Amino acid sequence: MKQKYVMGFDSGTGGMRVGIYDMEGHEIVFASTEYPTRHEHPGWAEQSPADWWNCLAASTHKALELSGIDKEDIIALSYDVTCCSVMLCMNDGTPLRDCLIWMDVRAAEEAAFIASTKHPILKFNGYGNVSAEWMPCKALWLKKHEPENYNKAEKVCECADWITYKLTGRWTANLSNIAVRWYYDAPNGGFPVDFYEQIGLGDVLAKFPQEITHLGDNLGTLTPEAAEFLGLSPNTIVGQGGVDAYIGNFGLGVVKPGKVALITGSSHLIMGLTDQYTYSKNGIFGPFPDCIRKGYGVVEGGQTSSGSIVSWFKRNFCKDLEDQPGGAYGVLNREAAKLEPGSDGLLVLDWWQGNRTPYTDPSVRGTIYGLSLGHTQAHLFRAIMEGVAYGTENVFQSFRKAGFPVNEICMGGGTTNSDLFMQIHADVSNVVVNVPENPQSCTLGSAILATLAAGIYKDPDEAVAHMVRYAKSIKPIPENHEKYKKIFAQYQKAYDEWGSWMRETSALNEK
């Protein structure tokens, strides 16, 4: 019998990645096409949906060409996209404006207002501050500041919903989005109507896609138009996709309680599955019911900026290194590895786009403390990686306080390209870091969903057993951890001591 394949799309912050896999999870080919993000004001971030669609076509054509695989042999596909990427559309998919992507935190005022309601549904964000990233905050901002667009919109949706429509002609709302960012409470009646009415968004419920789906549901096949544009067969089955990091759990093999997933990229997201539904003000989000698989909730924490800080530093301050062997990242990793933990007194606060958890504060900003005339590019590079790792450990500590142990993690995404970055994470948090054979956990996770949609495997456990393997484990270095413990203690003091000053200073630059 002729070999058959599945395809996974990963629409990340920086571009559209496409992977083709066999049924054992072996990557046949991987292709990527970048698209831009606009930052018109501090805290704002927008992208063009047309760029996503065009780059998806470019990446699928490139993948097919590189692999030599007949399009008819790709039996199914699925996809993952950024979360909290909010759009206003017409029913035919026409966007009324560019997308407010996940890292856009302009809706800070709306988030504070929503938090002030003290509605019981705020259990999902730990009864604390509400993230300005989330759907109701952005929808409320659009209603207040762009009423013409908002009122005209027939669909208020996210990137995942728009991609679903473009692929299949169906408008669906998947549980990985609506449970984790739209306050959808599946065990208790779905959308809390009184909550939306209380915050002034009672009308948005009719604009949301009305069909509720689970990850990996079979949505039928590609429309003829989508198939032709993407270079695929119209017989290709489409599995319901959703939130990138949540789908990354499949690619990391974290599909039941007992493991913790760390998905890295422009942001860091930390997740663990649970069958215990307890809610308290503990600095983490969730548990969100049924958002990865039926019968389990997910606890979550994360950092709004992580890998994006690293790329920001390279892009703006390391152009002189691009022509050297290994490029800028190669040089920076080699030189930073020669330095001692602590980067000779530099301490970075990783809040370039605010803090997601445990503080949920969009108004604080990134900080580099301890600069001297003796510091180099390598010092700053290492300090940024250390600052990101401190932010991750801050989330881990919130997990532990809430009763979810973190001793061993499964890591996927961009951080796995740097042995130094992974070792810093292991040392700061004193955890073992397990790295899958295929670090593109989100793209592989999407491919796993495609096998479920096509009926290749009966459930996520069987699919993961066939398609996920681990390549190595990184153990913490005890003496490094002891050094980092002292620096991390200083990191933890920063928010209480500087947070008010940061918020006041940030307010001076509000638009």
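Just so we're clear, the structure is a prediction, and the values are computed from it rather than from any experiment.
- Ring centroid separation for the pair F191 and Y183 does not come in under the 6.0 Å cut-off.
- Scanning both residues, A173 and W182, for their nearest heavy atoms gives CB-CZ3, 4.5 Å.
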Side chain to side chain donor-acceptor pair (under 3.5 Å), that's the test. Do T376 and E335 meet it? Break it down for me. CA-CA 10 Å; T376 65; E335 293 303 312; over 6 Å; no
Could you go through the side chain to side chain donor-acceptor pair (under 3.5 Å) check for Q303 and S267 one step at a time? CA-CA 6 Å; Q303 296 155 266; S267 64; over 6 Å; no
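- With hydrogens and angles left out, the side-chain atoms of H481 and D427 include no donor and acceptor closer than 3.5 Å.
- Looking at K152 and E146, no side-chain N of the basic residue comes within less than 4.0 Å of a carboxylate O on the acidic one, giving no salt bridge.
- A ring-centre distance under 6.0 Å is not found for F208 and W171.
- Ion pair K483/E340 flagged as a salt bridge, since at least one NZ, NE, NH1 or NH2 atom sits closer than 4.0 Å to an Asp/Glu carboxylate oxygen.
- Under the 6.0 Å distance and 45° angle rule, K314 does not count as a cation-pi partner of F381.
- Ion pairing between K123 and D185 holds under the 4.0 Å rule for side-chain N and carboxylate O.
- A cation-pi contact, defined as under 6.0 Å to the ring centre and within 45° of the axis, is absent between R365 and W351.
- Heavy atoms of other residues, nucleotides or ligands lying less than 6.0 angstrom from CD of E109 number 12 at most.
- For E133 and R181, the salt-bridge test fails: no basic side-chain N is under 4.0 Å from an acidic carboxylate O.
- Ring centroid separation for the pair F285 and W134 comes in under the 6.0 Å cut-off.
- Under the 3.5 Å distance criterion, with hydrogens and angles disregarded, no donor-acceptor pair is assigned to the side chains of Y495 and N394.
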Are Q198 and D194 close enough, and set up right, to give a side chain to side chain donor-acceptor pair (under 3.5 Å), and what steps lead you there? CA-CA 6 Å; Q198 184 176 353; D194 63 328; over 6 Å; no
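- A salt bridge does not link K207 to E154: none of the charged nitrogens lies less than 4.0 Å from a carboxylate oxygen.
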I would like to know whether Y359 and D496 meet side chain to side chain donor-acceptor pair (under 3.5 Å); could you show each step before the answer? CA-CA 10 Å; Y359 310 124; D496 287 340; over 6 Å; no
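- Residue N149 comes nearest to L96 through the heavy atom pair O-CD1, 3.4 Å, listed as atom of the first residue, atom of the second, then distance.
- With W44 as the aromatic partner, R38 does not meet the cation-pi criteria of under 6.0 angstrom to the ring centre and within 45 degrees of the ring axis.
- T82 and D244 are not linked by any side-chain donor-acceptor pair at a separation below 3.5 angstrom, with hydrogens and angles left out of the test.
- Salt-bridge check for D104 with K138: failed, with every basic side-chain N at 4.0 Å or more from each acidic carboxylate O.
- Other residues, nucleotides and ligands place more than 12 heavy atoms under 6.0 Å from the CD atom of E322.
- Using a 4.0 Å cut-off between charged side-chain N and carboxylate O, E393 and R400 make a salt bridge.
- Residues V81 and W162 form no side-chain contact, since every pair of their non-hydrogen atoms from C-beta on lies 4.5 Å or further apart.
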